[in-house]
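In what follows, a structure is listed as structure tokens, so that the remarks can point back to it.
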Number of protein chains: 2
Amino acid sequence: MKLQQLRYLAAVAQNGLNITAAAEKLHTSQPAVSKQLKLLEDELGFNIFVRSGRTLTKITPAGQKVIERALHILREVYNIKNISADLKDEDRGSLSIGTTHTQARYVLPTVIQQFRAKYPNVDLHLHQGTSEQIAEMAALDHIDFAIATGSHEQFRKYVLLPCYQWYRRIVVPAGHPLALIKKPTLKQVAQYPIVTYVFSFTGPSSLQQIFSKAGLSPNVALTARDADVIKTYVRLGFGVGIVADVAVDPKEDRDLVAIDASHLFPIHTTWIGFSRDGVLRRYMYDFMQLLAPHLNKRLIDRAGNMQSQEEVDALFAEIELPIR
Amino acid sequence: MKLQQLRYLAAVAQNGLNITAAAEKLHTSQPAVSKQLKLLEDELGFNIFVRSGRTLTKITPAGQKVIERALHILREVYNIKNISADLKDEDRGSLSIGTTHTQARYVLPTVIQQFRAKYPNVDLHLHQGTSEQIAEMAALDHIDFAIATGSHEQFRKYVLLPCYQWYRRIVVPAGHPLALIKKPTLKQVAQYPIVTYVFSFTGPSSLQQIFSKAGLSPNVALTARDADVIKTYVRLGFGVGIVADVAVDPKEDRDLVAIDASHLFPIHTTWIGFSRDGVLRRYMYDFMQLLAPHLNKRLIDRAGNMQSQEEVDALFAEIELPIR
DNA sequence: TACAGTTACGGACCGCGTAAGCATA
DNA sequence: TATGCTTACGCGGTCCGTAACTGTA
């Protein structure tokens, strides 16, 4: 068994069982891949793929297991190379981040600006998506970091470190009846159509539940996937917006009235996560600290060596998080 | 980077940084290992080992990380080969078990007898040791299974499945004053010198603590590492033995009086553990079920896929364990 | 006939073993 | 001087690319 064979195997598995396509991605010839695959299957003594005629059509059950192990191996090889790269040239490399709209739009720009100034030779890749999509990227090892709020469950392979907390704000156009009220009640808010995030309505501690607990049934006029859309519709007089605190810009949004809603809705915690199996480059530590100053190398390493997220949570229980 | 190089690296690391010794174990020449090591270090761009003159003296910090990753890779390669072996010839292979004296001497013989009858072509290796030694074997991947009682903490990499429960017994020579008492009290037992396991005296719920909780300070005449030694000294009139229930054989020990002590000391649970990272061969499943009939493949797989021991414990909380 | 994978073959490279060289205790 | 690692060199095997072949839509 050779590492090369495992690489070829992984490429074939990840390119729709198409050997030709895999060979192209690997910058080698198609017969080379074909042959090594066959040699690997010969050595193992069983077929990894089901063939109908000459084309690969399916993965056998045992093949599936082998592929999983192979991906694990390749990930470790990558880790070893990362250890090496970090020593050779610690300021050069790449950093892929999966994150949600709110973070990408309102929080990360300043962080990334600082980061790029410090590490001009690090290739930055930002992938925006829903938390499900980010979880998918994480599972496939396509990203180094995930930055999101809530939803710990989908990130089993990850260590999640809390970064900062934030409240929601209510935004209304100037002149709206609520604009004059400093501390509105849930009941007052519920009198108007509501415009907010899609995700705020699923799961526990959702807006839905908060209103219904108070015996109210909110009239949701629109659910959007990002704050910009929400603010746009608020401007159009569609309803009352409920957005993340950070999503309100004092300058750009000076035509809107932003009302503190920390007394109405619970606090949220944004975290940054990385694979428990991964090796962190120096600039990755630095990125985390730029995002959240309390995340120093010592603390990150302690958390990274923990077996379960519960332990990590316990570690951070004693640390006070900044509020944005 | 080649798998071969990682194998060589691991061998050198595990043979006291002696390249010659490593080469011998690998059935290859010393220059071959030397060269591949150097090639690997060249590729990585840093030294894995510290050399004084030409001999290797230490492992560099980065080298240590690389070695850990390499061992992980080799473990996965082994797993892939196990998947293969299981399909090719599922009745042939090897099974290494680390266990304590009590299990090896009193419980496993019948299990192993049945196992060997079913799988005559599986090489069985039994390694007896203290729980620390077994934990060490587990950490180094030298065993497939660990079977022991208590001490979950040292087996972080393992999934531990409870097998059966047992009580302690008090053994005295015929004619001893306690021999006539059906249900002795702690106070009565404490009147005589005590002969028991070394390990029963450390940690929480130890004998020491049980006695001191009752306001008694036992006179420990002898601590042994196995029940046979304990019984020998009991026969010599050295004191009152406290041993595992299973360690008393009605036939062989008919000269001793064994008194039920379930009302004095808490119940113990013996578990079998295997690496969370490992692949289980078919005969391994069968071995576990021979040891504890409730451990069927379905249940083992469910437990094996769990991330933490807490989840496994929760799974087994509902299952009634046999008492031996 | 277009497409995808296999087989065949020559060349480059690589890893091994033998043998000799070199540094340290 | 013994031990242990490195260097040198030739052989055999391996892997790749090109090209021709084969089976399927």
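In what follows, chains are A, B, ... by sequence order, proteins preceding strands, each numbered from 1. Keep in mind that what you see is a predicted model, and the values were worked out from it rather than measured.
Note on ring orientation: taking the six-membered ring where Trp is involved, the planes of B:His72 and A:His72 are tilted (angle from 30° to 60°). The aromatic rings of B:His125 and B:His127 sit parallel to each other, their planes meeting at less than 30°, with 60° as the upper class boundary.
Atom CZ of B:Arg7 and atom C1' of C:dC16 are 15 Å apart (whole Å). The interatomic distance linking A:Ile19 (CD1) with C:dC3 (P) rounds to 17 Å, in whole Å. In this structure, A:Asn15 atom CG and C:dG5 atom C1' are separated by 16 Å, rounded to whole Å. In this structure, A:His27 atom NE2 and D:dC15 atom C1' are separated by 18 Å, rounded to whole Å. With rounding to whole Å, B:Leu26 atom CG is found 10 Å from C:dG17 atom P. Atom CD of B:Glu43 is separated from atom P of C:dC14 by 12 Å (rounded to the nearest Å). Taking atom CD on A:Glu24 and atom P on D:dG17, their separation rounds to 13 Å, with Å as the unit. Atom pair B:Lys35:NZ and C:dA20:C1' shows a separation of 16 Å (rounding to whole Å applied).
Residue A:Gln36 is classed as a sugar-phosphate contact, given heavy-atom separations below 4.0 Å to backbone atoms only. Contacts of B:Phe49 with the nucleic acid, taken as non-hydrogen atoms under 4.0 Å apart, are absent. Using a 4.0 Å heavy-atom criterion, one finds that A:Ser29 contacts the bases of the nucleic acid, with or without backbone contacts as well. Residue A:Thr28 is in sugar-phosphate contact alone, with no base atom involved, counting any heavy-atom pair closer than 4.0 Å across all strands shown. Within 4.0 Å of B:Leu17, counting heavy atoms only, lie sugar-phosphate atoms of the nucleic acid but no base atom.
For the 3.5 Å distance criterion, the side chains of A:Tyr285 and A:Asp301 qualify, holding a donor opposite an acceptor.
OP1 or OP2 of D:dC15 sits under 4.0 Å from a side-chain N or O of A:Lys2. Taking only side-chain nitrogens and oxygens, B:Tyr8 comes nearer than 4.0 Å to OP1 or OP2 of C:dC16. Distances shown here put every side-chain N or O of A:Gln30 at or beyond 4.0 Å from the OP1 or OP2 atom of D:dG17. Contact between the side-chain N/O atoms of A:Asn18 and the OP1/OP2 oxygens of C:dG5 is found at a separation under 4.0 Å. Taking only side-chain nitrogens and oxygens, B:Thr55 never comes nearer than 4.0 Å to OP1 or OP2 of D:dT3.
Along DNA chain C, the nucleotide nearest B:Pro31 and the nucleotide nearest A:Arg51 are compared for position; the residue whose nucleotide lies closer to the 5' end is A:Arg51. Residue order along DNA chain D, read from the 5' end via each residue's closest nucleotide, puts A:Gln5 first among A:Arg54 and A:Gln5.
Between the side chain of A:Arg281 and the main chain of A:Arg92, a donor-acceptor pair closer than 3.5 Å is present. The backbone N or O of A:Tyr158 sits nowhere less than 3.5 Å from a side-chain atom of A:Ser275 that would complete a donor-acceptor pair.
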Given the rule in the side chain to side chain contact (heavy atoms under 4.5 Å, CB included) test, do A:Met306 and A:Val159 qualify, once you have shown the distances and angles that lead to the verdict?
CA-CA 8 Å; A:Met306 289 176 166; A:Val159 183; over 6 Å; no
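The listed nucleotides are C:dG5, D:dC5, C:dG15; the one nearest the side chain of B:Leu39 is C:dG15.
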